[in-house]
Protein chains: 2
Amino acid sequence: MKAQNTISQMRRGILEFCIISLLADNEVYTAELIDRLKAADLLVTDGTLYPLLNRLQKADILQYRFVESESGPPRKYYSLTEEGHAVLKDLDGAWQEIHGSVEMIRRGNDSE
Amino acid sequence: MKAQNTISQMRRGILEFCIISLLADNEVYTAELIDRLKAADLLVTDGTLYPLLNRLQKADILQYRFVESESGPPRKYYSLTEEGHAVLKDLDGAWQEIHGSVEMIRRGNDSE
DNA sequence: CAAGCTACCTTGCGTTACAAGGTAGCTTGC
DNA sequence: GCAAGCTACCTTGTAACGCAAGGTAGCTTG
């Protein structure tokens, strides 16, 4: 299907936003995040997420701490930094603007 | 501002969708399209749009015809092919799904 | 203590937006 | 009637990013 490529692009664009949103009020470890994003069809593979998290962490948007697991290797639990919360606020505003633009464009042409 | 990069990604993701939407019911020529997209903050430069339009045209989603202008060089007026209309329908559905996912994620963490 | 699972990470590749620079038709002023 | 300038379209080089595939290491289980 030819739309598939474009649809992937749309998903990709909001991936970071969704990750940051998911971490807004909870500490979440990576594999859990992967499951949730995959369930929402926003992520394809874990090889995408790990570099992304590292990037956001280096940008001082995320922080993590290692937590020992009861059954398996230790896990990185991520949460937002103070700056991360500020970024989330910006992203939230941007999302609403973009959403508005898209709806305007969609309506503008459906009406006829 | 650190959110800027992520915001650009979001815009980028929906750029193709918006272009296809804008052409849904109208023949539009390129420079006009550029103005409208720039006005909605969805496009930065025309060097982005031209290759994109060519790609969509090769994918048989768009078609164009040259129209002589009353004041200047001839213009390429774009419109959707039959397949383009089908793609638009898919994209529209995908957009609504994505919109739903994002809202769920946003709410899920604001609540409380 | 070996086999297998879970969790995290790296490398190579292809695609794409963006900035900068370029070509060519058409009009306007002299 | 031609030079200057505008409009419209296009190309090239660069950097960023997602994705597929492959890899490392801790921990449990038999």
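The structure displayed is predicted, hence computed values, not measured ones. We name chains A, B, ... by the order of the sequence lines, and we start the count at 1 in each one.
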Given protein heavy atoms under 4.0 Å, the one-letter contact record of nucleotides 20-27 of chain D, with B base, S sugar-phosphate only and - none, is simply SB----BS
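In the hydrophobic clustering, A:Tyr77 connects to A:Tyr29, A:Val67, either directly or through intervening members, whenever side-chain heavy atoms lie under 4.5 Å apart.
Partners of B:Glu83 by side-chain hydrogen bond (donor to acceptor under 3.5 Å, both in side chains), not counting sequence neighbours, listed by chain and number: A:Lys2. Annotation: side chain to side chain contact (heavy atoms under 4.5 Å, CB included) contacts of A:Asp41 (sequence neighbours excluded): A:Arg11. By the side-chain hydrogen bond (donor to acceptor under 3.5 Å, both in side chains) test, B:Glu16 is found to be paired with A:Thr6, A:Gln9, B:Arg55, residues two or more places apart in sequence or in another chain being considered. Legend: residues meeting side-chain hydrogen bond (donor to acceptor under 3.5 Å, both in side chains) with A:Gln57, ordered by chain and number and at least two apart, are absent. Taking the side chain to side chain contact (heavy atoms under 4.5 Å, CB included) definition, one finds that A:Lys38 meets it with A:Ile34, A:Leu43, sequence neighbours left out. With sequence neighbours left out, the side-chain hydrogen bond (donor to acceptor under 3.5 Å, both in side chains) criterion links B:His99 to A:His99. Under the side chain to side chain contact (heavy atoms under 4.5 Å, CB included) criterion, A:Val28 pairs with A:Leu23, A:Asn26, A:Glu32, A:Leu33, sequence neighbours left out.
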Watson-Crick and G-U pairing of DNA chain D, under 3.5 Å, as dot-bracket with | and [ ]: ||||||||||||||||||||||||||||||
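Of the residues in residues 53-61 of chain A, those placing a heavy atom less than 4.0 Å from an atom of DNA chain D are A:Arg55, in numerical order.
Note on A:Leu52: only backbone sugar-phosphate atoms sit closer than 4.0 angstrom, heavy atoms only; bases stay farther off.
Applying the salt bridge (charged side-chain N to carboxylate O under 4.0 Å, His left out) test to every pair with at least one member in residues 60-76 of chain B, sequence neighbours left out, gives these pairs: B:Glu27-B:Arg65.
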